[in-house]
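Just so you know, these numbers use all the heavy atoms, side chains as well, and skip hydrogens, waters and symmetry mates.
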Amino acid sequence: MKKPPKQNADKIVAQHNALVNARFSFVPLQMRLFLALLARISLDDTEFKEHVIPVSELLFERHGGSAYQQLDEMCDDITSFKLYIEILEDSTRKRRRRPKYDYIPLMAKAGYDGDMGGIVAAFNPLIMPYLLQLRESGNFTLADLDELRKLKSPSSVRIYWLLKEYSDFGQRTVTPEQLRFMLNIAENEYPRFSNFKARILDRAQLELARTDMPFTYELERQNQLVQRIKFLFGYDTSSTGSDELVEIQESKNTEKTELSQHSENVEKAALQELAWVQALRLIGVSLRSIKQITKQLEDKEYPLEYVDFVLSRIGKQHQLGKVKKPAGAVYKALVEKYLLEEYLAGEQTPKMIPGKKTGVTTKTKLPILEEVAFPLREVRDMYENPGPFLKRQRQEPTFELHLEAIYLSQGFALIERNGEDWLIKTTLS
């Protein structure tokens, strides 16, 4: 398959966070048209313009008349496409303390024009507050267009934006119902969580591995049922070198992953991932730094066990409050090797503990301060607008009782950040 043509290289695109969290789903052609229009928005635009999107930007392989019929059908569908989205305050374009939702058509027009050789399209002016002049609201998320265009699945694109919004936190926790709601996945679609995991979560993990938002995730269960999905992406991916790390992981696989066997292969890939790379990534060491450490290991400047020794030593210092930024301290100890002499001395000293092997265990893990954070407005919105997936579940009669039963009683605290109320729970793992 041909690669999509390079358009708007290094373009940074933006969406209001209400749009990031809105309820909708695209098919691939609709997603490409949406991204193409997004790429043509300028920072100083005050209204939407009509644009011609070349066929080559939407269809990467030509198939004669059937391709144009496909585009024509897509235009027909997307002109009736609606977002279920949070209504913003009129004056400030900020999100309301008590969220209110409505359906808004996405497009003002979309149609194939053979004379112009592309789709003539424009966004609906009603969604202007979610895409234009976003600095005024201060509640938006930025993304690199080149990163978005690496993704094939529309649900992976949505998950990318959802994680990107929380990039400063390093993690985002949602319930399966919340994620289904935002991705507009019907209750009868992937009814078994194992299918949802394979087709949505694992596929997104595989696709995002080649972007600046690679992630891992944990499933929090209660009575064997998945209650929450915790996405972890708290390491620095702003530097170059993400492709190199992906190649390290993929070199461990003897076969290419096939989507039909996706769930099984992703689990195998997770087991084969270099444990020390994952440990460094989770504490915030950048990919460029990991590449440098990899070079030192290849040059045999120190053994792999020294990495575990450093993680253990800096982890203890971080736990005692002696180190505030463990990522920088671990990187410095590895690159400058100032703990290497101490490690080697310890290796040569016999350990007088019966039944224990000498040396440093390779399973030492740096304690990590983890934070689960929910905006209070989103929690309230899920209570007041449960949608078809949550209506069947038993709810407390008032939001205050719901807050106490589900969050405050589980260790969450109500904290104000940047003028907004958050439910936050911090744990050390």
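Salt bridge Lys11/Asp146: absent, no basic N to carboxylate O contact under 4.0 Å. A salt bridge links Glu86 to Arg95: one of the charged nitrogens lies within less than 4.0 Å of a carboxylate oxygen. Salt bridge absent: Arg210 and Glu147 never bring a charged side-chain N and a carboxylate O closer than 4.0 Å. Using a cut-off of 4.0 Å between Lys/Arg side-chain N and Asp/Glu carboxylate O, Lys152 and Glu207 are scored as not salt-bridged. The pair Arg377-Asp421 does not meet the salt-bridge criterion, since no charged nitrogen lies less than 4.0 angstrom from a carboxylate oxygen.
Across Ile53 and Ala36, no two heavy atoms sit closer than the pair CG2-CB, 3.7 Å. In this structure, Asp144 and Tyr160 approach most closely via the heavy-atom pair N-OH, 4.3 Å. Here the shortest heavy-atom pairing between Phe309 and Leu339 reads CE2-O, 3.8 Å. Nearest heavy-atom pair, Leu334 versus Lys337, reported as atom, atom and distance to 0.1 Å: O-CG, 3.2 Å. In this structure, Leu151 and Met31 approach most closely via the heavy-atom pair O-CE, 3.9 Å. Looking at every heavy atom in both residues, Arg93 comes nearest to His16 through O-NE2, 3.1 Å.
Of the N and O atoms on the side chains of Asn17 and Tyr130, not one donor lies less than 3.5 Å from an acceptor on the other residue. In this structure, a donor-acceptor pair under 3.5 Å is present between the side chains of Tyr331 and Gln292.
In this structure, CG in Leu162 is found 13.0 Å from NZ in Lys164, a value given to the nearest 0.5 Å. In this structure, NZ on Lys82 lies 10.5 Å from CG on Asn124, to the nearest 0.5 angstrom. Put simply, CG on Leu311 and OH on Tyr306 are 10.5 Å apart, with the number rounded to the nearest 0.5 Å. Rounding to the nearest 0.5 Å places OG of Ser25 at 10.5 Å from CG of Leu83. Note that CG of Leu142 is 9.0 Å distant from OG of Ser167, once rounded to the nearest 0.5 Å. Interatomic distance, CZ of Arg98 versus CG of Leu376, reported as 10.5 Å (0.5 Å rounding).
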Output, in order, the C-alpha distance, side-chain angles, deciding distance and verdict of side-chain contact (heavy atoms from CB on, under 4.5 Å) for Leu71 and Leu59.
CA-CA 9 Å; Leu71 287 173; Leu59 294 175; 3.8 Å; yes
Applying side-chain contact (heavy atoms from CB on, under 4.5 Å) to Tyr217 and Lys230, what does each step give before you reach the verdict?
CA-CA 5 Å; Tyr217 66 90; Lys230 180 190 290 185; over 6 Å; no
Decide salt bridge (charged side-chain N to carboxylate O under 4.0 Å, His left out) for Glu189 and Arg180; before the verdict, give the C-alpha distance in whole Å, the side-chain angles of both, and the deciding distance to 0.1 Å.
CA-CA 10 Å; Glu189 191 174 4; Arg180 280 179 173 270; over 6 Å; no
side-chain contact (heavy atoms from CB on, under 4.5 Å) between Phe140 and Leu131: does it pass, once the steps are laid out?
CA-CA 9 Å; Phe140 60 90; Leu131 290 175; over 6 Å; no
Step by step, work out the salt bridge (charged side-chain N to carboxylate O under 4.0 Å, His left out) result for Glu177 and Arg228.
CA-CA 9 Å; Glu177 292 79 13; Arg228 293 182 179 87; over 6 Å; no
What do the steps show when you test Leu29 against Ile78 for side-chain contact (heavy atoms from CB on, under 4.5 Å), and what is the final call?
CA-CA 10 Å; Leu29 261 182; Ile78 204 168; over 6 Å; no
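At distances below 3.5 Å, at least one donor-acceptor pair connects side-chain atoms of Gln133 with backbone N or O atoms of Asp45. Between the side chain of Glu57 and the main chain of Pro54, no donor-acceptor pair closer than 3.5 Å is present.
Using a 4.5 Å heavy-atom cutoff, the side chains of Ile87 and Arg96 are in contact. Proximity of Leu106 to Phe34: side-chain heavy atoms (C-beta onward) are separated by under 4.5 Å at one or more points. Using a 4.5 Å heavy-atom cutoff, the side chains of Ile127 and Phe48 are in contact. Residues Leu344 and Glu341 form no side-chain contact, since every pair of their non-hydrogen atoms from C-beta on lies 4.5 Å or further apart. Side-chain atoms of Val52 and Ile119, non-hydrogen and from C-beta on, never get closer than 4.5 Å to each other. The closest side-chain heavy-atom distance from Ile12 to Leu145 is not below 4.5 Å. Taking the side chain as every heavy atom from C-beta outward, Ile229 and Thr173 never approach each other to under 4.5 Å. Contact annotation: the side chain of Leu37 approaches that of Met107 to within less than 4.5 Å [non-hydrogen atoms, C-beta and beyond].
For the pair Arg158 and Phe24, the cation sits on the ring face: its NZ or CZ lies under 6.0 Å from the ring centre, inside 45° of the axis. Judged by the 6.0 Å and 45° rule, Arg23 forms a cation-pi pair with Phe181.
For Trp161 and Tyr166, the ring centers sit 6.0 Å or farther from each other. Taking the ring centroids of Phe215 and Phe233, they lie at or beyond the 6.0 Å cut-off.
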